[in-house]
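Since the structure comes first, as structure tokens, the remarks are kept for the end.
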Protein chains: 2
Amino acid sequence: MYAALTLFAQKGYASTSVADILQAAGVNAGSLYHFFPGKQDVLLAVLDAYLRGIHPMLLAPAWKGVADPVERVFALLERYREHLVTTECTYGCPIGSIALELHEPDPAVRALLAANFAGWVSAIEQCFIEAGDRLPDDVDRRALAIFALTTMEGGVMVSRTDRTTDAFDDAVRMLRDYVNRLQLAVR
Amino acid sequence: MYAALTLFAQKGYASTSVADILQAAGVNAGSLYHFFPGKQDVLLAVLDAYLRGIHPMLLAPAWKGVADPVERVFALLERYREHLVTTECTYGCPIGSIALELHEPDPAVRALLAANFAGWVSAIEQCFIEAGDRLPDDVDRRALAIFALTTMEGGVMVSRTDRTTDAFDDAVRMLRDYVNRLQLAVR
DNA sequence: GTCTATAACCCGATAGAC
DNA sequence: GTCTATCGGGTTATAGAC
């Protein structure tokens, strides 16, 4: 299962064959097909694992020692940057990759992808909500959270293509400047 | 050729078989392989067509009747929104889709993807440069252009997953607010 | 240059013994 | 529940006549 999760993140869904999963997991075809009706059901399990792992596996490590809600947003983005660096900009967000890889996804798959995005956005939205009156009242907290997501996903996409963190860094720097200006506007 | 371009945009590269291309183009295998060594070379030709088409096919229509450099940025983003709407949010930017679909792209493919992003960014950067002193001096025009690209690509990604333009609209609205605040800051 | 037929390969999934 | 062998189908690319 975690073999599949790793392989999907590295190679994508379509490029990962069932044989690849079997070899990485050290199991045989019969075993896998005993637990999963097919390959797509493995993907569903992986996407469900990501969804349930948002808080314990993603946010908790990123926010360790970071209490300020606004800093938490950028601490999370910093995690993705580190992920880019450690993989030499070969892969970033597995959800985003799979979301664009599958052009006609099964409704169940698409629902889990959307749920993963929604979970991420809600967590960041909560940060901006907790920022309270540090942000202007009329700023849509949820839209700002979605903006953070699109900045991360777009930054990962371009950085992966360029094999440099430059685009990611530029985008995050601009987002930081925007949030700073919003905070200055309220003073 | 344009059959391949269309199919790659609709179904992606891997999911488009050579047989699909042959059928859509109304040609036979022998003809295609007479001009192209292999499927990847068709992709290279398509990516090259996108690159050379940035100005005549993408920017020119988007900027028709729009003279203001800042408005041109959002007029271009509006084109992508319309693309999402007309396809019921099933596909947005073909370059971004292919960029995330291919996890270990051939260097030539990756170079053309990067060139497409770079061409897009340079055009938008030029808009922000032409905006002159309407933007603060210390604002990095190129970084701002990259930010516009990541906003578009990230917005398309999430909107495609959600089958709603909401995420795209939220992201672009935030970008617009940022640019507005930058313009206000200079007064 | 264009056509048809097919080679060579890999895929997901299954059958059936144990 | 787990194993091995294999099926049926789709893939890219090629061979060879015209």
Side-chain angles (χ1 to χ4, degrees), chain A residues 1-50 91 94-95 97-113, chain B residues 1-50 90-91 94 97-113:
Chain A
M1 172 47 37
Y2 289 96
L5 185 144
T6 304
L7 285 168
F8 289 164
Q10 288 173 348
K11 307 175 48 175
Y13 174 68
S15 299
T16 300
S17 69
V18 174
D20 290 335
I21 299 172
L22 298 177
Q23 187 181 10
V27 298
N28 298 97
S31 304
L32 189 148
Y33 283 101
H34 177 74
F35 293 104
F36 299 98
K39 184 187 177 186
Q40 179 178 288
D41 301 274
V42 178
L43 175 61
L44 290 173
V46 166
L47 291 178
D48 188 61
Y50 276 120
Y91 60 103
I95 305 300
S97 296
I98 294 170
L100 278 201
E101 176 187 3
L102 305 176
H103 287 249
E104 285 175 358
D106 187 270
V109 172
R110 196 174 62 77
L112 271 175
L113 289 168
Chain B
M1 173 49 34
Y2 289 96
L5 186 145
T6 304
L7 285 168
F8 289 164
Q10 287 173 348
K11 307 175 48 174
Y13 174 69
S15 298
T16 299
S17 70
V18 174
D20 291 335
I21 299 171
L22 298 176
Q23 186 181 11
V27 298
N28 296 97
S31 305
L32 188 147
Y33 283 101
H34 177 74
F35 293 102
F36 299 99
K39 184 186 176 186
Q40 179 177 288
D41 301 273
V42 178
L43 175 61
L44 290 173
V46 167
L47 292 178
D48 188 61
Y50 275 121
T90 52
Y91 63 103
S97 295
I98 294 170
L100 280 200
E101 176 186 3
L102 305 176
H103 285 250
E104 285 175 356
D106 186 89
V109 173
R110 195 172 64 75
L112 271 176
L113 289 168

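Model, not experiment: these values are computed from the prediction. Chain naming here is simple, since letters A, B, ... match the order of the sequence lines and numbering starts at 1 in each.
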Legend entry - Where B:Ala99 and B:Leu113 come nearest, the two heavy atoms and their spacing: CA-CD1, 3.8 Å
Legend entry - OP1 or OP2 of C:dT4 under 4.0 Å from side-chain N/O of B:Asn28: yes
Legend entry - Residue pair B:Phe8 / B:Leu43: nearest heavy atoms and the distance that separates them: CE1-CA, 3.8 Å
Inset, instruction - Could you tell me whether the phosphate oxygens of D:dG1, OP1 or OP2, come under 4.0 Å of any side-chain nitrogen or oxygen in A:Ser31? - result: no
Inset, instruction - Whole angstrom is fine here: how far is it from CG in A:Leu22 over to P in C:dC10? - result: 16 Å
Inset, instruction - Considering just the side-chain nitrogens and oxygens of A:Tyr33, establish if one lies under 4.0 Å of OP1 or OP2 belonging to C:dA13. - result: yes
Inset, instruction - Would you indicate which nucleotide in C:dG12, C:dG1, D:dT11 comes nearest to any side-chain atom of A:Ser17? - result: C:dG12
Inset, instruction - Classify the nucleic acid contact of A:Ser15 as base, sugar-phosphate or nothing, counting any heavy atom under 4.0 Å across all strands shown. - result: nothing
Legend entry - Which residue lies more 5' along DNA chain C, comparing A:Asp20 with A:Gly30 via nearest heavy atoms: A:Asp20
Legend entry - For atom CG of A:Leu32 and atom P of C:dT14, their distance in whole Å: 12 Å
Inset, instruction - For the side chain of B:His34, starting at C-beta, report the closest nucleotide among C:dG1, D:dT2, D:dT12. - result: C:dG1
Inset, instruction - Nearest whole angstrom, please: distance from the C1' of D:dT11 to the CG of B:Leu7. - result: 16 Å
Legend entry - Any donor-acceptor N or O pair under 3.5 Å, side chains A:Ser17, A:Asp20: yes
Legend entry - Between P of D:dG10 and NZ of B:Lys39, the distance in whole Å: 15 Å
Inset, instruction - Would you kindly give the CG-to-P distance between A:Asp41 and C:dT14, to the nearest whole Å? - result: 11 Å
Inset, instruction - Can you tell me the distance, in whole Å, between the CZ atom of B:Phe36 and the C1' atom of D:dT14? - result: 18 Å
Inset, instruction - Drop me the distance from B:Ile98's CD1 to A:Glu101's CD, to the nearest 0.5 angstrom. - result: 13.0 Å
Inset, instruction - Check the distance between C:dC10's P and A:Gln23's CD and give it to me in whole angstrom. - result: 14 Å
Legend entry - For A:Leu5 against A:Ala49, the heavy-atom pair lying closest together: CD1-CB, 4.3 Å
